[in-house]
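Shown next, in structure tokens, is the structure this report addresses.
Quick caveat: nothing in here was measured; it's all calculated off a predicted structure. We count ligands from 1, going down the list as the structure has it; atoms in each ligand are counted the same way.
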Amino acid sequence: MGDESTYLAAGEIAAAVRGGERSAVEVVEEHLAVIAGREPEVHAFNAVGDAQARMAAELIDRRVAAGEDPGPLAGVPVALKDNLCTAGVPTTCSSRILEGWLPPYDATVVTRLGLAGAIAMGKTNLDEFAMGSSTENSAFGPTRNPHDLTRVPGGSSGGSAAAVAAGFAPLALGSDTGGSIRQPAALCGVVGVKPTYGRVSRYGLIAFASSLDQIGPLAPTVADAALLLEVIAGHDPLDSTSIPEPSPSLVAGLDAGVEGLRIGVVAELMGEGVAPDVRRRVEAAAEVLAGAGAKVEEAEVPAVAYGLSAYYLIAPAEASSNLARYDGVRYGLRVDAPTTATMNVATRTAGFGAEVKRRIMLGTYALSAGYYDAYYGKAQQVRTLIVRDFAAAYESFDLLVSPTSPTTAFPLGAKAADPLTMYLSDVCTIPSNLAGDPAVSVPFGVGDDGLPVGVQILAPALAEATMLQAAAVLEDAMAGEAGTP
Ligand code: GLN
């Protein structure tokens, strides 16, 4: 880490490739060399698509030579979380149950990246079916944090966050159901954005909890995250939850600052459970925002205190339904047995890991006759309260601020045996998923252990532009400060 040369800005790469000053093949070779050097110890990828990346790069160079413009991400390597469908290329969700399955189509985000000239570098590791906060729940072994190989990268998009932090690709895509882009971004010292629900098409994202899932960018800088979000955002007729309005331009106004904005620090997310060094960084961020002309005050969003409890009923309930399709018939793995029912059981027993089984059982229970009202129904009511409390807060504030993760990266194995402690990693990120609102994690210095701390900026639905402007103010304040990873 700390090698600035690996942090080539995506925007600069694209400009150089479009202008014919650099070849896409050269860019891809450089990144493959970085991968060859550190991937064995980091394990960010389930599969590096080197041959395909080289072929795609050659095509981009031919188009530039022919006088064509390959698009805003021309020649820029992008790492894809391995729950995004890629036609004819294995997509595993880091689960044995999808062994041997080849998606018949590309996810919309993958199509859009291709149309923008980006180069897919491979599929990144994740917690199985995106269930987890450390990437230790992968069937293919954990990813390690590039800043400290004894620590987790966060999760579930830990492979994507580690790939960006290690310089394997200047951009990556993740998915965020309860924090899975923002929490690993925070732990790996990169920028991660969960867009407004519906902003980015979920077509071709393998479903975990459909009312919460959203795809978003991971990048070393706010500007590159904004650039990637511009490319993937926008209406898609193939996703019925996709927002019809055109998405705004994000990069152009990024340096607008926060002068005159009202920004609230969420009191309920600054208390018990948040490590003192993380809290201090969020307080420092609030001071920077105030210094830049924002009116910063404490905000109250009382119902977020129940976010974690509601999420761990709603997300498993939806997961238990979504994962019913892995039955040994339609996808991937089949473990043969004398009858269909015993084959289903044998396949699911062998194919799913412990955390996925736990979620399916929790969700099935929460939805079962006699318990539905008490658990799932109650959780939906809490979700409505969270939506209302955010709406009330946004009458007084333009943006909210909190920690992204209550701690910096923890050692591998530290929470693996205790699911409840692991679930607490997402206490600050889950509320935005329940509300459907956007949020970004931006690196803001380091904790007492020298590891990255992320500050979360939350915004009302569709307010990504303002949210990213505030993130850019924090990023600028850190630029040049000693000790920044
Ligand atoms: N860590 C949370 C969970 O395990 C969130 C996961 C996610 O956002 N995909 O459910």
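Regarding atom 3 (C) of ligand 1, its nearest protein heavy-atom neighbour is Tyr312 OH, 3.3 Å. Residue, atom and distance of the protein heavy atom nearest to atom 5 (C) of ligand 1 are Tyr311 OH, 3.3 Å. In terms of protein heavy-atom proximity, atom 6 (C) of ligand 1 is closest to Ser180 OG, 2.8 Å.
Using a 4.0 Å cut-off to heavy atoms of Ala130, the atoms of ligand 1 that qualify are 6 (C), 7 (C), 9 (N). Near Ser133, meaning under 4.0 Å from one of its heavy atoms, ligand 1 places the atoms 1 (N). Less than 4.0 angstrom separates some heavy atom of Gly178 from each of these atoms of ligand 1: 5 (C), 7 (C), 8 (O). Residue contact check: Phe208 has heavy atoms under 4.0 Å from atoms 9 (N), 10 (O) of ligand 1. Within ligand 1, counting atoms from 1 as listed, the ones closer than 4.0 Å to a heavy atom of Met131 are 4 (O).
The six-membered or imidazole ring of Tyr326 lies near that of Phe129, with a centre-to-centre distance under 6.0 Å. When ring centroids are compared, Tyr203 and Tyr105 come within the 6.0 Å threshold.
Here Arg334 does not pair with Asp327 in a salt bridge; the nearest charged N to carboxylate O distance is not below 4.0 Å. Arg199 and Glu464 are joined by a salt bridge, as a carboxylate oxygen and a charged side-chain nitrogen come within less than 4.0 angstrom of each other.
No donor-acceptor pair closer than 3.5 Å links the side chain of Asp82 to the backbone N or O of Asn46.
Proximity of Asp426 to ligand 1, defined as any heavy-atom pair under 4.0 Å, is confined to the side chain (atoms from C-beta onward). If you look at Glu355 next to ligand 1, there are no close heavy atoms at all, none under 4.0 Å. Residue-level proximity to ligand 1 for Ser156 is carried by the side chain, the only part with a heavy atom below 4.0 angstrom.
In this structure, Lys415 forms a cation-pi arrangement with Phe410, its terminal cationic atom sitting closer than 6.0 Å to the ring centre and no more than 45° off the ring axis.
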